[in-house]
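Comments concern the structure below.
FYI, side chains are in, hydrogens and waters are out, and symmetry mates aren't considered; it's all heavy atoms of this structure.
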Amino acid sequence: MTQFGKFKIFKWVSSNFVSSNKTSLSSMVSLFNIAENPRFYITKRIVQAENGQSISPLSRTEAQAALLEYLHFTRNIQFTDAENMSKNSPHFLEKLLAKVDIDSNIGQSITRYLCFHPINEFEPFFESLGLKPRDYNPLLPRDLMFLCDDDLLLENYHVLCNYGIARSKIGKIYKEAGEVFGYDYGVLVLKLKAYEELGLGQSFMMKLVVCSPYLLIGEVNADFVRVLEILRKEGVDISRIEEHLSEKSSYDWSKLLALLNLFRHAGYNEEQLGGLISRHLGIFFEDSVDRIYLLIGFLLKFGSTMNQICSMFLQFPQMEFEEFFSNLRHCFLFLKEIQMEAHEIRNIFHSHPLMLGSCRLKKPNTLRLALHAADKRMCEVIQESPQVLKKWVMGSKVERLQNLILKSRMQKTKFLLDLGIVDDSNEIGKALKVFRGSGAKIQERFDCLVEAGLSRKDVCEMIKASPQILNQTKDVLEMKIDFLVNKVGYPVSYLVTFPSYLNYTMERVELRLAMYNWLKDQGKSVPMLSLSTVISLSDKKFINEYVNSHPRGLEIWQNLKKEIYAE
């Protein structure tokens, strides 16, 4: 740097900073590269320019000062803008250093080079806004080199700076909503005020503009306003939304609105939707809306209904959604790698999505060694008791499979003998093959039937007649009993005479009853059938004897089947 150049900078800094106490002495020292202790610089890492020459931190600082002098004094760029460009454009600076002799005085070399080689000022400008060369190269104007030639760009840039948005984050806004920087004078200010009139504070707006720049394009975004209305209606404070907004993410408010509407149309009442939003607001603002849609599609594919998925979200664990989704995906890949059959994977995901999403499983090879088991045996154990996966998570001590099997067998044996479901130990072996799941799970399902209003004696008799009842999860049993009592109108005691009802799928039961009721409504002379007869008849016999008894019977049967199974 020339002595004249140093004098000009010193005079400017003295009048603008020292007199007003706006900067510290240390910042002035760094500006002039004053090193009272040379050893301080010897310990610094040496980097290389693009041409392979080694550059010390001292040389880099001198280069930044020379670039600052050129941008501010030669090109008349505002000092704060010029300083930001010189200090926060490392790739451009390296490219500049590669064009000069760094063995001589770097400051003088750069000053001399810039006198005869004007630079494209948009390159260091865009880089100083937080953009990488690969991001800003396609955005460079083809017919401009100097910032002063694009006065609207600088005007809107300064509006955002003055509003409080960090310069390093404005690049994201330019990349995602470049047309904002072509607004005429005063337009951008009016757009910011329009959002403030919705009751949004400046701190909220500073985050919102960075994570959703497109909101500044056109009129006030209707989707954003609608989401805001829904959240406020559910009692969510704006400050809570602000806490969950991440400036590193990009939000599509139309997708978020569609997701909230999906939950509402899927059966959530106002209270349930409000509870979900209040307890798990973060899952809607983790840049994970697309992942939520993927999860819903994933679970639908495995046989879950929207009602079941909505119920799962109401019980969602206190963890980040990305972690939950990653765990679920990892579990799927784990089960696939140990060669579990597709329909078995489907059953586990249908019955235990919350548990799978909460478990970060060890790798298959690690478990094969720890359990002393091959893939086939691991599959058998998981099918028998999916809860075992919680014992195979990262960081846990895994017991040998033989010990786990022995414990589970002892629990089930004790349960069966205590209830008198088997009379002697000779029948235990056969019974253990019938009942799937851990002893604790079988006990939970038994208790579920008792809590529904049946006596322990009746439940025991039901299980002897239809042991597969206890192979279903507690949730499925509760759902089937609820349908029998509240939809069909039978007392729970009917299960004692027809325990096999619990073994049929809900879709089959609904379809048979809907068809039977339709035939009666048509005035068709159909015999009075018991529930057990309507459900237990084979499809072929039911269609031949009853469905085909009406000219439109088969058509209605297919329509009902399509509707019920789709739900």
Please confirm whether the backbone N or O of [Y] pairs with a side-chain atom of [X], one donor and one acceptor, at under 3.5 Å?
X: Gln315; Y: Ser311; value: yes
X: Arg445; Y: Ile469; value: no
X: Tyr494; Y: Val485; value: no
X: Tyr293; Y: Lys255; value: yes
X: Ser212; Y: Val209; value: no
X: Ser254; Y: Asp223; value: no
X: Lys301; Y: Arg346; value: no
X: Gln383; Y: Cys379; value: yes
X: Glu507; Y: Ile564; value: no
X: Tyr251; Y: Val289; value: no

side-chain contact (heavy atoms from CB on, under 4.5 Å) evaluation trace for Met312 with Leu295: CA-CA 11 Å; Met312 181 203 74; Leu295 174 61; 4.0 Å; yes
Side chain to side chain, [X] and [Y], heavy atoms closer than 4.5 Å:
X: Leu299; Y: Ile296; value: no
X: Leu519; Y: Ser549; value: yes
X: Leu260; Y: Ile277; value: yes
X: Arg279; Y: Leu314; value: yes
X: Leu276; Y: Leu281; value: no
X: Glu461; Y: Val496; value: no
X: Tyr504; Y: Ser536; value: yes

Side chains of [X] and [Y]: donor-acceptor distance under 3.5 Å anywhere?
X: Gln443; Y: Asp447; result: yes
X: Lys561; Y: Gln558; result: no
X: Asn307; Y: Thr305; result: no

Heavy-atom closest contact ([X] atom, [Y] atom, distance):
X: Tyr195; Y: Val220; answer: OH-CA, 3.6 Å
X: Leu470; Y: Phe446; answer: CD2-N, 3.9 Å
X: Ala177; Y: Ile217; answer: CB-CD1, 3.7 Å
X: Arg360; Y: Ser326; answer: NH1-OG, 3.2 Å
X: Gln339; Y: Asp375; answer: NE2-OD2, 4.0 Å
X: Lys175; Y: Asp135; answer: NZ-OD1, 3.3 Å

Could you measure the distance from the [atom1] atom of [X] to the [atom2] atom of [Y]? Nearest 0.5 Å is fine.
X: Leu477; Y: Asn471; atom1: CG; atom2: CG; result: 10.0 Å
X: Leu531; Y: Tyr490; atom1: CG; atom2: OH; result: 5.0 Å
X: Ile338; Y: Leu367; atom1: CD1; atom2: CG; result: 8.5 Å
X: Asn503; Y: Arg508; atom1: CG; atom2: CZ; result: 11.0 Å
X: Phe483; Y: Lys480; atom1: CZ; atom2: NZ; result: 11.5 Å
X: Asp475; Y: Gln308; atom1: CG; atom2: CD; result: 8.5 Å

Does the distance from a Lys or Arg side-chain N to an Asp or Glu carboxylate O, for [X] and [Y], drop under 4.0 Å?
X: Arg377; Y: Glu380; answer: yes
X: Glu229; Y: Arg232; answer: no
X: Glu176; Y: Lys172; answer: yes
X: Arg291; Y: Glu322; answer: yes

Can we call the ring centroids of [X] and [Y] under 6.0 Å apart?
X: His280; Y: Phe316; answer: yes
X: Phe298; Y: Phe325; answer: no
X: Phe313; Y: Phe263; answer: yes

Gln202 atom CD: more than 12 heavy-atom contacts under 6.0 Å: yes
For residues 351-359, dump all side-chain donor-acceptor pairs below 3.5 Å to protein atoms at least two apart in sequence or in another chain.
residue : atom : partner : partner atom : Å
Ser351  : OG   : Asn347  : O            : 3.0
Ser358  : OG   : Leu354  : O            : 2.8

Whether Phe332 and Phe349 hold their rings parallel, tilted or perpendicular, with breakpoints at 30° and 60°: perpendicular
From CA spacing to verdict: side-chain contact (heavy atoms from CB on, under 4.5 Å), Leu484, Ile481: CA-CA 5 Å; Leu484 176 71; Ile481 293 171; 5.6 Å; no
Working for side-chain contact (heavy atoms from CB on, under 4.5 Å), residues Trp557 and Leu511: CA-CA 8 Å; Trp557 169 264; Leu511 177 59; 3.7 Å; yes
Derivation and outcome, side-chain contact (heavy atoms from CB on, under 4.5 Å), residues Val180 and Tyr214: CA-CA 9 Å; Val180 168; Tyr214 74 93; over 6 Å; no
Arg512 to Phe542 six-membered ring, cation-pi geometry met (6.0 Å, 45°): yes
Over-ring placement of Lys191 relative to Tyr183, 6.0 Å and 45° cut-offs: yes
Audit row: Glu242, Lys207, salt bridge (charged side-chain N to carboxylate O under 4.0 Å, His left out) steps and yes/no: CA-CA 7 Å; Glu242 183 179 343; Lys207 270 192 169 184; 5.5 Å; no
